[in-house]
Participant: 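If you scroll down you'll find the structure; I have some questions about it.
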Amino acid sequence: MAARVVAAVEGGDLAAFADLLDPNVRWGAADDLAGGCQNRDQVLAWYQRGWDAGVRAKVTEVVGDGEKILVGLDVPGGERRWQVVTLTGGRVVDIRVFENRDDAARRVPGAT
């Protein structure tokens, strides 16, 4: 599953990415469960806007292959971000974004 997540993030294939997402997936800042995206259509629209603007992230790290996966990303502007991807039933149900690897890694078993 981790390989599919990486391919979706780097590939720019919205259909493949959509296939990974639960209809009620949530995406946003680390502890902001009320903000961000609240469903698959919103997540896909956010990624589409980025891809249309030429924004591409490069996956630098993937840790875990169970219920939670830590994904390290190099993003434009020389910045680094981490996402904690939560899976249920083979689908992504939550994506949390972190600016600090240690904070993200504490949420993924075996990532510290």
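As the structure is a computational prediction, the values presented were derived from the model and not from experiment. The basis for the numbers below is simple: all heavy atoms, side chains too, and nothing from hydrogens, waters or symmetry mates.
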Participant: Determine whether I69 and V62 make a side-chain contact, defined as any pair of heavy atoms from C-beta on separated by less than 4.5 Å.
Facilitator: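 The answer is yes; the side chains approach within 4.5 Å.
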Participant: Can you give me the closest heavy-atom contact between Q48 and D52, atom names plus distance?
Facilitator: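 So the minimum-distance heavy-atom pair works out to NE2-OD1, 2.6 Å.
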Participant: Are V55 and I95 joined in one hydrophobic group, where the rule is that I, L, V, M, F, W and Y side chains link up if heavy atoms are under 4.5 Å apart?
Facilitator: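 Cluster IDs for V55 and I95 differ.
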Participant: Which residue pairs pass the side chain to side chain donor-acceptor pair (under 3.5 Å) test when at least one of the two sits in residues 103-112, sequence neighbours left out?
Facilitator: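 Counting only pairs at least two positions apart or across chains, the side chain to side chain donor-acceptor pair (under 3.5 Å) contacts touching residues 103-112 are D31-R107, D103-R106.
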Participant: Going by ring pair (Phe, Tyr, Trp, His ring centres under 6.0 Å), name the pairs with one or both residues in residues 19-39, residues two or more places apart or in two chains.
Facilitator: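 Qualifying pairs: W27-W46.
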Participant: Taking only residues two or more places apart in sequence or in another chain, which ones pass salt bridge (Lys or Arg N to Asp or Glu O under 4.0 Å) with D19?
Facilitator: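 Result, salt bridge (Lys or Arg N to Asp or Glu O under 4.0 Å) vs D19: R4.
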Participant: Got a sec, which residues hit side-chain contact (heavy atoms from CB on, under 4.5 Å) with N24, two or more places apart in sequence or on another chain?
Facilitator: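 Once residues adjacent in sequence are excluded, the partners of N24 under the side-chain contact (heavy atoms from CB on, under 4.5 Å) criterion are D22.
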Participant: Not counting sequence neighbours, list each pair that qualifies as a salt bridge (charged side-chain N to carboxylate O under 4.0 Å, His left out) and has a residue in residues 74-99.
Facilitator: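 Qualifying pairs, neighbours excluded: D74-R80, E79-R81, D94-R96.
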Participant: Side-chain heavy atoms under 4.5 angstrom apart, residues restricted to Ile, Leu, Val, Met, Phe, Trp, Tyr: same cluster for L21 and V59?
Facilitator: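 The answer is yes; both residues are in one hydrophobic cluster.
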Participant: Same cluster or not: are V93 and V97 linked, directly or through other Ile, Leu, Val, Met, Phe, Trp or Tyr residues, by side-chain heavy atoms under 4.5 angstrom apart?
Facilitator: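 Each belongs to a different hydrophobic cluster.
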Participant: Check L73 against A57 and note the closest heavy-atom contact, atom names and distance.
Facilitator: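 Heavy atoms only, the tightest pair is CD2-CB, 4.2 Å.
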Participant: In residues 82-90, what donor-acceptor pairs under 3.5 Å come from side-chain atoms, sequence neighbours left out?
Facilitator:
residue : atom : partner : partner atom : Å
W82     : NE1  : E61     : OE1          : 3.4
Q83     : NE2  : Y47     : OH           : 3.3
T86     : OG1  : K68     : NZ           : 3.1

Participant: L14 versus L44: any side-chain heavy-atom pair under 4.5 Å?
Facilitator: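 Result yes, sub-4.5 Å side-chain heavy-atom pair found.
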Participant: Of all residues at least two apart in sequence or in a different chain, which pass the side-chain hydrogen bond (donor to acceptor under 3.5 Å, both in side chains) check with Q38?
Facilitator: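 Only R26 meet the side-chain hydrogen bond (donor to acceptor under 3.5 Å, both in side chains) criterion with Q38.
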Participant: Taking ring-ring contact (aromatic ring centres under 6.0 Å, His included) as the test, write out the residues that go with F98, two or more places apart.
Facilitator: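 Applying ring-ring contact (aromatic ring centres under 6.0 Å, His included) to F98 gives none.
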Participant: What are the two closest heavy atoms between A104 and L70, and how far apart are they?
Facilitator: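 Heavy atoms only, the tightest pair is CB-CD1, 3.5 Å.
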